[in-house]
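Structure, as structure tokens:
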Amino acid sequence: MEGVNSNIAFKPETLALIDRIINQFPQGRQKSAILRVLHLAEIEFDNWLSTDVMDYVARLLHIQPIEVYEVASFYSMYNLSPVGKVVLEVCQTGPCSIVGADRIISHIEKSLKIKKGETTSDGMFTLKTVECLGACGYGPMLQINEHYYENLTEDSVDELLSEMRKIHSNKNEN
Ligand code: FES
């Protein structure tokens, strides 16, 4: 196939899992598996979705690449460019804003010396701002992977950053 990057391939066990996911949907509805397949793609391909990876997902699901691009760009949880080991997704929607999301974002920018959308030079942290994550009563809040960190203060953010740095620096040594 023209323009296909054949270096990109899921591990066999991931492909088997994807088959099982696809088979949960009626025949011809394999596109419904797209969110879960993109999630697996991020896990397997450095936590972001390159065009080559999205094209690969399109081939697996027998859909057009544009259909994958549309979904991947719609949801803020997917990364469309390389990111750090730890992606901080800070909610900036109204209820969180009222209780200090902007203050938390500025504090993170200052502490990490990056702006929204950027990654620290050591590749450790990426800062993203996102819309409501459904924890509006517990703001300001942020998400790292599947974990929520709520009622944030400058001090709790400092603790969180140093805890994350410790965990992910240790991972390098293993
Ligand atoms: S407004 Fe921030 S979680 Fe809903």
Side-chain angles (χ1 to χ4, degrees), residues 14 17-18 21 24-25 29 31-51 53-54 57-58 61 63 66-171:
T14 311
L17 172 60
I18 289 170
I21 293 170
Q24 290 170 353
F25 299 99
R29 301 277 179 179
K31 185 181 174 184
S32 305
I34 192 167
L35 297 181
R36 291 172 70 188
V37 176
L38 287 175
H39 181 62
L40 291 168
E42 280 206 331
I43 292 171
E44 203 145 307
F45 304 114
D46 288 331
N47 206 17
W48 72 288
L49 301 171
S50 66
T51 305
V53 167
M54 289 190 281
V57 168
L61 296 178
I63 57 177
I66 184 71
E67 296 177 81
V68 180
Y69 306 161
E70 282 170 354
V71 171
S73 59
F74 180 78
Y75 293 101
S76 63
M77 63 193 175
Y78 298 118
N79 301 309
L80 300 181
S81 54
V83 290
K85 292 176 187 161
V86 179
V87 180
L88 306 160
E89 297 183 280
V90 187
C91 172
Q92 61 168 7
T93 302
C96 279
S97 244
I98 288 169
V99 292
D102 292 344
R103 189 167 33 82
I104 293 301
I105 292 164
S106 308
H107 182 71
I108 295 172
E109 287 181 328
K110 218 178 291 167
S111 304
L112 298 179
K113 301 186 176 55
I114 54 173
K115 296 278 175 210
K116 290 184 240 181
E118 292 180 350
T119 299
T120 52
S121 54
D122 61 0
M124 182 63 73
F125 294 103
T126 295
L127 173 61
K128 285 169 73 172
T129 52
V130 297
E131 297 306 324
C132 182
L133 292 169
C136 321
Y138 307 97
M141 60 81 65
L142 64 78
Q143 180 173 13
I144 300 174
N145 299 325
E146 67 275 23
H147 298 291
Y148 278 12
Y149 300 88
E150 298 164 340
N151 301 308
L152 296 171
T153 62
E154 279 93 338
D155 285 347
S156 68
V157 165
D158 288 344
E159 274 171 36
L160 179 61
L161 294 179
S162 74
E163 186 191 336
M164 287 295 141
R165 196 180 288 285
K166 212 184 303 169
I167 292 169
H168 291 275
S169 303
N170 288 342
K171 272 189 189 165

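All values below were derived from every heavy atom in this structure, side-chain atoms included, with hydrogens, water molecules and symmetry-related copies excluded. First listed ligand is number 1; within each ligand, the first listed atom is number 1. We're numbering straight along the sequence, starting at 1.
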Is there a side-chain contact (heavy atoms from CB on, under 4.5 Å) between E42 and V53? Walk through the geometry before answering. CA-CA 9 Å; E42 280 206 331; V53 167; over 6 Å; no

Before giving the answer on side-chain hydrogen bond (donor to acceptor under 3.5 Å, both in side chains), spell out for D155 and T153 the whole-Å C-alpha distance, their side-chain angles and the decisive distance to 0.1 Å. CA-CA 5 Å; D155 285 347; T153 62; 5.3 Å; no

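Put simply, C91 stays out of reach of atom 4 (Fe) of ligand 1, with no N, O or S atom under 2.8 Å from it. At a cut-off of 2.8 Å, C96 does not coordinate atom 4 (Fe) of ligand 1 through any N, O or S atom.
Within the listing of ligand 1, atoms 1 (S), 3 (S), 4 (Fe) sit less than 4.0 angstrom from a heavy atom of C136. Near C132, the atoms of ligand 1 lying under 4.0 angstrom from a non-hydrogen atom of the residue are 1 (S), 3 (S), 4 (Fe). Atoms of ligand 1 lying under 4.0 Å from at least one heavy atom of G134, given by number and element, are 3 (S), 4 (Fe).
Q143 places a side-chain N or O within 3.5 Å of a backbone atom of N145 that can act as its donor or acceptor partner. In this structure, the side chain of S162 engages the main chain of E159 through a donor-acceptor pair within 3.5 Å.
The one candidate from D122, T119, T126, L88 that meets the side chain to side chain contact (heavy atoms under 4.5 Å, CB included) condition with L112 is L88.
For atom 3 (S) of ligand 1, the nearest non-hydrogen atom from the set A135, P95, S97 comes from A135.
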